[in-house]
Participant: 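If you scroll down you'll find the structure; I have some questions about it.
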There are 2 protein chains.
Amino acid sequence: MQYHKRRIKRTLAVQLDAVDISRTASASSVIYEALRRAIIEGRIAAGAPLRQDEIARQFNASRIPVREALMRLEELGLVRTQRYKGSVVAGLSADEAAEIFDFRLLIEPEVMRRAVPRMTPSDLSAARGACEAFAASKDPMQWGDLNRALHAALYQPSALPYHLEMLGNAMDRIDRYLRAQLLMSDGMARASAEHAGILAACEAGDAPRAAELVHAHIAGARASFLEHLPGLVAGAAR
Amino acid sequence: MQYHKRRIKRTLAVQLDAVDISRTASASSVIYEALRRAIIEGRIAAGAPLRQDEIARQFNASRIPVREALMRLEELGLVRTQRYKGSVVAGLSADEAAEIFDFRLLIEPEVMRRAVPRMTPSDLSAARGACEAFAASKDPMQWGDLNRALHAALYQPSALPYHLEMLGNAMDRIDRYLRAQLLMSDGMARASAEHAGILAACEAGDAPRAAELVHAHIAGARASFLEHLPGLVAGAAR
DNA sequence: TCTAGCAATTTTGGATCCAATATGCAATAT
DNA sequence: ATATTGCATATTGGATCCAAAATTGCTAGA
């Protein structure tokens, strides 16, 4: 009967295209994602206050899920909260931004190195697609997503989920500043060229070279960031 | 008057040893810290359910601050929550634990290297104190705190708060397993000896050597962990 | 005119209450 | 006898309500 049960279940699943309903979004996670994206993309400026009431109204919800979302954002480092004073969007000082680049310089080349030997042809074609989409994009607003997609395609095969989680947090914190930097320099063209080089090394199966190019890519972004944007992080709002 | 005001404040602060009252603990942060410690120290087993009602009763509070604490712990990766089913303590598979060791191997040597040239005599004496306290300790229950104190003393001078934050998260996740490992082998003696070596390199101002010893220290712990504890992470409770 | 002090408003933290969902158990049908 | 269904209880997610603290605006006084 065990077999019988499974057969029926599987048949139904195919017929219904069932989804795991216990993983559907709660109000608090919807609000969390929306706030996270708005902060990452810089649509809410660093230092701006996040009023619970106002956010709750916008989502037609009570303040409870808003507060839960703010707690999670605080733990991510995207928001700072003072008791009875409320939450504000966290910014980065120039030092903090530089430190996050340093962090990426430690992690990403190693992740790249370990991903290359595990890449399947479909991984590579996904990466090429992401790379081309990034190069073709003219809209700086979707640059963040495209860059994330490229990173995911390149790094996912490493099978290092913890490293990717930590990297995701680092990217969340500097995304805003990276985008600004890309706009203010020849960053877009250079980044695309460097991406192509990294991808070529991956396709050649040359892990050390890919890691080295990733390092150079990030180091270049770090230098360009520190050079071009002395005033960008002024209102860091600690 | 700006100046006048500030002068008074600072004088009072010195007299009263005043603390920033806006940072005093809220119910949710008290519960958060208590749960975090209980999980880190392994007093609540991986996979154990965390009932909101029960926790609220223990702290004489409502479920609201409990839920906020659980949200934060979820973001830290110490807890896993399913909608309408509740939260359970997150465990680590052997692979996940190994990956966290790899992460530490990337971060800690570099942090050590950058801390050494910035260490003051008082930093060094604090580190020596922490090192001796660790070596002298026989109680495995306070080992976690002592190890954290030693790390803080050694790494704090690096002035890399982001790296230390990420490292803190990594330590939170493996503390339980590290403690178990220390008990089941000659880990305690070996760790103390290795700590002494690292400290000596710091006192000699030999940053590359200190970094190298830190690397060896973690690599040894990783190997010992994977060797001695194939069954320890069985009930990983994903 | 400027500032200290006080009341009114706003905003947050937390408690209580209600609805939605899960879980365990008994009853029933095959 | 076993598997399915219906019901009671337990548990979570969210809304509403209340108290504490912060902020704002006003008034009085120098």
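Naming convention: chains lettered A, B, ... in sequence-line order (proteins, then strands); numbering from 1 in each chain. Quick note: numbers below take in every heavy atom, side chains included, and nothing from hydrogens, waters or symmetry partners.
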Participant: Check each residue of residues 69-76 of chain A for a non-hydrogen atom within less than 4.0 Å of any atom in DNA chain D, then write out the ones that pass by number, or none.
Facilitator: none
Participant: Just wondering, are more than 12 heavy atoms of other shown residues or ligands nearer than 6.0 Å to CZ in Arg36(A)?
Facilitator: yes
Participant: Select one nucleotide: of dT23(C), dG14(D), dA22(D), the one nearest the side-chain heavy atoms of Lys85(A).
Facilitator: dA22(D)
Participant: Using five base pairs at each end to define the local axes, how bent is the helix from dT1(C)-dA30(D) to dT30(C)-dA1(D), to the nearest 10°?
Facilitator: 20°
Participant: In whole angstrom, what separates Arg80(A)'s CZ from dT12(C)'s C1'?
Facilitator: 20 Å
Participant: Which whole-number value in Å describes the distance from Arg83(A) CZ to dT23(D) C1'?
Facilitator: 17 Å
Participant: How long is the straight-line distance from CZ of Phe59(B) back to OG of Ser28(B), given to the nearest 0.5 Å?
Facilitator: 11.5 Å
Participant: Is the closest basic N to carboxylate O distance between Arg37(A) and Asp175(A) below 4.0 Å?
Facilitator: no
Participant: Return the value, rounded to whole Å, for the distance between atom CD1 of Ile55(B) and atom C1' of dA10(D).
Facilitator: 15 Å
Participant: With a 3.5 Å distance limit and no angle check, can you tell me whether Arg176(A) reaches the backbone of Ala45(A) through a side-chain donor-acceptor pair?
Facilitator: no
Participant: Rounded to whole angstrom units, what separation is found between the CD atom of Gln82(A) and the P atom of dT10(C)?
Facilitator: 22 Å
Participant: Atom pairs, N/O to N/O, protein against nucleotides 15-19 of chain C, distance under 3.5 Å?
Facilitator:
from	atom 1	to	atom 2	distance (Å)
dA15(C)	OP2	Ser62(B)	N	2.7
dA15(C)	OP2	Ser62(B)	OG	2.6

Participant: Report yes if a side-chain nitrogen or oxygen of Gln52(A) is closer than 4.0 Å to either non-bridging phosphate oxygen (OP1 or OP2) of dG13(C); otherwise report no.
Facilitator: yes
Participant: Specify the closest pair of heavy atoms between Pro65(B) and Ile31(B), including all atoms of both residues, with the distance to one decimal.
Facilitator: CB-CD1, 4.0 Å
Participant: Name every donor-acceptor pair, under 3.5 Å, that has one atom in a side chain of residues 158-167 of chain B and the other anywhere in the protein, sequence neighbours excluded.
Facilitator:
from	atom 1	to	atom 2	distance (Å)
Ser158(B)	OG	Tyr155(B)	O	2.7
Ser158(B)	OG	Leu160(B)	N	3.3
Tyr162(B)	OH	Asn169(A)	OD1	3.0
Tyr162(B)	OH	Ala170(A)	N	3.3
His163(B)	ND1	Glu99(A)	OE2	2.8
Glu165(B)	OE2	Arg173(A)	NH2	2.8

Participant: Sequence neighbours left out, what passes ring-ring contact (aromatic ring centres under 6.0 Å, His included) with His195(B)? Give chain and number order.
Facilitator: Phe134(B), His217(B)
Participant: Give me the ring orientation class for Phe101(A) and Phe225(A): parallel if the planes are under 30° apart, tilted from 30 to 60°, perpendicular past 60°.
Facilitator: tilted
Participant: If the condition is ring-ring contact (aromatic ring centres under 6.0 Å, His included), which residues does Tyr32(B) pass it with, not counting sequence neighbours?
Facilitator: none
Participant: Give a yes or no answer on whether the side chain of Arg118(B) reaches the backbone of Pro157(B) with a donor-acceptor pair at less than 3.5 Å.
Facilitator: yes
Participant: Taking the basic N atoms (NZ, or NE/NH1/NH2) and the acidic carboxylate oxygens, is any pair closer than 4.0 Å for Glu74(A) and Arg72(B)?
Facilitator: no
